[in-house]
Asker: 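Sending over a structure as structure tokens; questions will come in a sec.
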Amino acid sequence: MAGIRLHVIAPLVLVAVGKCARDPSVYVRKCAASALPKLYDLRIEDNNSSIEEVVGILLNDNSPGVVGAAAAAFASVCPDNFSLIGKSYRRLCEILPDVEEWGQIVLIGILLRYVIAKHGLAKESVMSFLHHTETPHVGEDDPTTNFMKEETIGMMDTANSELTHMICRSYIEGPDEYLSRSSYINKGSNTLDSARYTSSKSNDDVKLLLQGTSPLLWSYNSAVVIAAAGVHWIMAPVENVKRIVKPLLFVLRSSHATRYVVLYNIQVFAKAMPSLFAPYYEDFFISSSDTYQIRSLKLDILSSIAMDSSVSAILREFQDYIRDPDRRFAADTVSAIGLCAQRLPAMAETCLDGLLALSRQEIFSSEFGSVDEESRVLTQIIMSIKSIVKHNPLRHEKVIIQLFRKLDSIKVPAARAMVIWMLGEYNTLGGIIPKMLTTILKYLAWCFKSEALEAKLQILPAIVKVLYNAKGDDHLTVRKVVNYVFDLAECDISYDVRDRARLLKKTLEYNSGPRILETENSIPAEKDLQHAVLEHLFGGNLKPVSPEPPNSRFYLPGSLSQIVLHAAPGYEPLPKPCSLLQDDLDQISNDIRGMDLNEMNDSNTSSGSLDEETASDYSSQNSISGSSNNSDSYENGSVSEDNGNNEPLIEISEVGIAPRNENVDPQSSLAVGELMSKTALESWLDEHPGLANKDQSDSNRVRRTSARISIGDIASRVKPKVYTLLDPANGNGLKVDYSFSSEVSSISPLLVCVEVLFKNCSAEVVPEITLVDEDSNSQRDSADQLVVGSESTVPSLSEVPHLVPLEEVTSLEPGQAIKRTIQVRFHHHLLPLKLALLSNGKRIPVKLRPDIGYFVKPLHMSIEVFLDKESHLPGMFEYIRRCNFCDHLVELNKDKSQGAIEKDKFLVICESIALKMLSNANLFLVSTDMPVDSKLDDAKGLCLRFSCKILSSSVPCLISVTVEEGKCSEPLNLSVKVNCEETVFGLNLLNRVVNFLAEAP
């Protein structure tokens, strides 16, 4: 409907989209978000406010799939309406890792723009380093400026501050606007006001954005990696920018197209801060499979990151590249050698010697080989030598002399033209070059008619420069040569040569003799205008040339404009720092405060972000179990413990989905129960039920008969898996093991409880043992406040520490073991947490690896509620994988070998699967069903259902384990199905379940 571009039906479609934005189905809400840009493209001004309102509703959704589509709609409809982002900024940062990949890219850009518009740039970042280093009026004792550590200063010593400043201004203003108005003479006027900067270490919004994008640096999608790297490049402190290096280098192993885009962004990073990628120069060595475009980018990066410690290895690698059959690539390598020599003056002599030796080979090969192939290389060699010599001509006098002597051998016009330019530029250098000029000029006059156009255009100004600086007898000789060349040039077939000859000849008429300066500091006002112009053009003093200011165009990392080097359609620079008006800030704060009050007053209010059914099911932690303490304090209860002897071992029941009917009286409900029992009994006896009952069953309900198996008290047999945190060999006799606990933290739902066992395996006493976070100094205060704070206050993500302080073990005797329970917050359910073990004054780094099975807690529900929730999570929220299971064979073989009474095989299979699931994940066993028509040794159709909810978001997660095929005495083929709204979490949980079910017992 939204795709029908008719203005008449647009209001009706907008009303329908508004209703769909509050629909219980996640897929419907996602489609509503996708329809908003189409409605906006109709350009109906009256509908814009309504469309923006719907976008705000969808951005406040709890489903990651809806948030990704809403972010895309926001970017298309109202990219500058940051008040919609401020309402749910914190939750968007927390849900960012679970959004679909392409939605993550859009959402990262939106969050970055919001932070800059509200708080400004981070003063500790690379982008604002120049501003703070060039602000002398700020006090040194100001805590807002004392953020530069020794490591940071060391990294920035090699950074190009002018280029970094240009990149920053290009990101904010756009390169076209910046280059059009910028003046390198007065560039200080372009610096930003200090009030437009914030601290990335104290600002909660900036810290939250950096924390939310850190896991995305290791995403499988290279575009997500570049987007996350761009956030850290712009906002992260200088000492933390290095965390983007390894993810970007890892993405380089992707396809050629991806590699090209990543290298283009790395090229900008490396030019602005070469020290970032300097230790990893080997990753940019050329591969035989690289295309020419990738090779060119790698050469440019290598020349930018070359340091004194690595330039020798890089130059050795360049020697192999020069021999490449692709002479275009060889010419680029020569250019890279010249750039290395310009960046590292200490290597200039070595590079010049190599280039001169290479020029001899190229001159020889150009005489006997293909001129077209070798001309490019020789031209680039002369160009590189020219650029190196230009920085310090006096030091490289011998190099210039060697080029003059080879002028007769150089046949490439462009190369000859550059050598002739050097002849005129350095005609007064040293004592040897002035003596060679007369001979060289006679040679140039003799071959002037046969020279190419480029050489002729350089010969004319070169001989005039020599004439202007000639003295004594040389002046008369040079004058005759100049007149001869002018006569030839005035009859040349090229208009450019004739015009240049007439201009120079007319200019020389005002100077009939050699240039004689009475003093070194002559005043130009004492001379006539023509003589002053002539002296300025041809008689300038030789001075080392300063590097030219950069004039490249820079666009935001990861954008198409950065690749094509012009503003692509839809490109927008970053907003002006702190450009969010105070009225907008007040509106954002009021909206956030109002949202909090609404959530406290009415937890069941429809906000377009929760299903109508699930909102009443899991909006409160205690609303499902019917008991206020049973759900959260359930420790090993991954199953019901009240089965006891009150329930039979096998119960016949109907498992299916029935149509809802809220107006059912008790008598009809009892009749349906009797009918279900009768039908089940007839199926059990392999009899055919009545046709009337069959018709009624087919019309009202889809069900199958099954036997529900009651396993009983299995909680006492659950043994969590134990992992090694530190082995005695690395811990000086101290062994540390850990296992995940099913307890739920009372401090924050983001914390995971872990039981840690310290054991002394040495013969000496180990004193003062404790575990701390690597950033324990910065986290300790917040952790203490969190523990002491009110229990009713729910802390935010930025307030929850990575590790709640652990009670210190004063001493550990030989052979003694002590168990402690710690509460940790992982950065992501796939990334390890870096800790430090303090023991006897030593600090041992360790890694605590997460287990996604304990990022959930049991969710008590009946089989009817389970099936109802499962029916609302089909399609994109349902994930299925298969695996083989053989744990039950160990128990069956054990009974046979011991001669004990053989257990029921189906019961053994159910207990084995349940124990495996509950020992590796914090789940609740809902039911265990077995088809009643199954054969004696055929386990096909056996189904175990588990339920849980995610700790951080309270989103339900349903797991069904079904035996697809296999006999009881053989390995079984299991089908594992997970239903969950959070797609990324559900897929990762499914992979974890499949992995531990397939593990050998």
Asker: Which atoms form the tightest heavy-atom contact between P393 and I400, and what is the distance?
Answerer: O-CD1, 4.3 Å

Asker: Could you point out which residue of R416, K456, K411 forms a salt bridge (Lys or Arg N to Asp or Glu O under 4.0 Å) with E451?
Answerer: R416

Asker: Would a distance-only check, ignoring hydrogens and angles, find a side-chain to backbone donor-acceptor pair under 3.5 Å from S303 to L339?
Answerer: no

Asker: Please state whether the rings of W233 and F269 are parallel, tilted or perpendicular, taking 30° and 60° as the class boundaries.
Answerer: tilted

Asker: Checking side-chain contact (heavy atoms from CB on, under 4.5 Å) for the pair R343/V311: CA distance, chi angles, key distance, verdict?
Answerer: CA-CA 10 Å; R343 287 192 64 253; V311 66; over 6 Å; no

Asker: Does any part of the side chain of R259, heavy atoms only, come nearer than 4.5 Å to the side chain of S254, both counted from C-beta?
Answerer: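 They are not in contact (no side-chain heavy atoms under 4.5 Å apart), so the answer is no.
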
Asker: Is any NZ, NE, NH1 or NH2 atom of the basic residue among D320 and R323 found under 4.0 Å from an Asp or Glu carboxylate oxygen of the other?
Answerer: yes

Asker: I need the minimum non-hydrogen distance between L429 and E397, along with the two atoms involved.
Answerer: O-OE2, 3.9 Å

Asker: Short question: side chain of R500, backbone of L457 - any donor-acceptor pair under 3.5 Å?
Answerer: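 Yes, because the side chain of R500 sits within donor-acceptor range (under 3.5 Å) of the backbone of L457.
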
Asker: Check for a donor-acceptor pair, side chain of D492 on one end and backbone N or O of L488 on the other, with a separation under 3.5 Å.
Answerer: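 Side chain of D492 to backbone of L488, a donor-acceptor pair under 3.5 Å: no, none is there.
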
Asker: Could you report the tightest heavy-atom contact between V497 and L460, atom names first, then the distance?
Answerer: O-CD1, 3.8 Å

Asker: So, taking the atom named NZ in K471 and the one named CG in D474, what distance separates them when rounded to the nearest 0.5 Å?
Answerer: 11.0 Å

Asker: Are more than 12 heavy atoms, taken from residues, nucleotides or ligands other than I432, located less than 6.0 Å from that residue's CD1 atom?
Answerer: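 No - once you tally the heavy atoms of other residues, nucleotides and ligands closer than 6.0 Å, there are 12 at most.
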
Asker: Does F486 have more than 12 heavy atoms from other residues, nucleotides or ligands lying within 6.0 Å of its CZ?
Answerer: yes

Asker: Does a salt bridge link D332 with R295, judged by any charged N lying under 4.0 Å from a carboxylate O?
Answerer: no

Asker: Spell out, as yes or no, whether a donor-acceptor pair under 3.5 Å connects the side chain of D290 to the backbone of S287.
Answerer: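 Judged by distance alone, yes, a pair lies under 3.5 Å.
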
Asker: Indicate the atoms forming the closest heavy-atom contact of I410 with A415, along with that distance.
Answerer: CG2-CB, 3.6 Å

Asker: Would you indicate whether the side-chain heavy atoms of V478 and L437 approach each other to under 4.5 Å?
Answerer: no

Asker: Going by heavy atoms in the side chains, are Y321 and L299 under 4.5 Å from each other?
Answerer: yes

Asker: Any salt bridge between E425 and K390, counting N to O under 4.0 Å?
Answerer: no

Asker: Between I305 and Y280, is any pair of side-chain heavy atoms under 4.5 Å apart?
Answerer: no

Asker: Give, for atom OH of Y264 and atom CG of L565, the distance between the pair rounded to the nearest 0.5 Å.
Answerer: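 If I round to the nearest 0.5 Å, the distance is 4.0 Å.
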
Asker: In Å, rounded to the nearest 0.5 Å, how long is the span from CG of L276 to CD1 of I244?
Answerer: 6.0 Å

Asker: Tell me, do R405 and M436 make a side-chain contact under 4.5 Å, heavy atoms counted?
Answerer: yes

Asker: Are L356 and L403 close enough, and set up right, to give a side-chain contact (heavy atoms from CB on, under 4.5 Å), and what steps lead you there?
Answerer: CA-CA 9 Å; L356 288 173; L403 290 179; 4.3 Å; yes

Asker: Verify ring-ring contact (aromatic ring centres under 6.0 Å, His included) between Y571 and Y555, making sure each step is shown before the conclusion.
Answerer: CA-CA 9 Å; Y571 175 82; Y555 297 86; 5.1 Å; yes

Asker: Taking all atoms of both residues into account, what is the closest heavy-atom pair of I322 and R327, and its distance?
Answerer: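 Shortest heavy-atom contact: O-NH1, 2.9 Å.
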
Asker: Quiz question: by atom type and distance under 3.5 Å, do the side chains of Q342 and S387 form a donor-acceptor pair?
Answerer: yes

Asker: For R498 versus A489, what's the shortest heavy-atom pair and its separation?
Answerer: CG-O, 3.4 Å

Asker: Measuring only between side-chain heavy atoms, which start at C-beta, is E490 closer than 4.5 Å to K505?
Answerer: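 Sidechains of K505 and E490: in contact.
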
Asker: Step by step, would you call Y281 with F277 a ring-ring contact (aromatic ring centres under 6.0 Å, His included)?
Answerer: CA-CA 7 Å; Y281 63 91; F277 297 89; over 10 Å; no

Asker: Take F554 and Y171 through the test ring-ring contact (aromatic ring centres under 6.0 Å, His included) and record every step on the way to the result.
Answerer: CA-CA 7 Å; F554 298 99; Y171 285 172; 7.8 Å; no

Asker: Could you tell me which residues satisfy salt bridge (charged side-chain N to carboxylate O under 4.0 Å, His left out) with D499, sequence neighbours excluded, listed by chain and number?
Answerer: R502

Asker: Does the side chain of Y468 come within less than 4.5 Å of N427's, by heavy atoms?
Answerer: no

Asker: Could you state the interatomic distance from OG1 (T379) to NZ (K386), rounded to the nearest 0.5 Å?
Answerer: 11.5 Å

Asker: Check this for me: L476, atom CG, are more than 12 non-hydrogen atoms of other residues, nucleotides or ligands nearer than 6.0 Å?
Answerer: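 Enclosed: over 12 neighbouring heavy atoms sit under 6.0 Å from CG of L476.
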
Asker: Once you measure the plane-to-plane angle for W446 and Y443, does it fall in the parallel (<30°), tilted (30-60°) or perpendicular (>60°) bin?
Answerer: tilted

Asker: Determine whether K406 and S359 make a side-chain contact, defined as any pair of heavy atoms from C-beta on separated by less than 4.5 Å.
Answerer: yes

Asker: Say you draw a straight line from CE of M383 to CD1 of I388; how long is it, rounded to the nearest 0.5 Å?
Answerer: 12.5 Å

Asker: Keeping the roles fixed (side chain from T333, backbone from F329), state whether a donor-acceptor pair exists under 3.5 Å.
Answerer: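 Flag set: sc T333 to bb F329 pair under 3.5 Å.
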
Asker: How far apart are the C-alpha atoms of F448 and L444, what are their side-chain angles, what is the distance that settles it, and do they pass the side-chain contact (heavy atoms from CB on, under 4.5 Å) test?
Answerer: CA-CA 6 Å; F448 183 83; L444 294 176; over 6 Å; no

Asker: How long is the gap from CD1 on I382 to CE on M422, to the nearest 0.5 Å?
Answerer: 8.0 Å

Asker: Decide yes or no on side-chain contact (heavy atoms from CB on, under 4.5 Å) for D300 and K271, but give the supporting numbers first.
Answerer: CA-CA 9 Å; D300 191 32; K271 286 184 176 180; 3.2 Å; yes

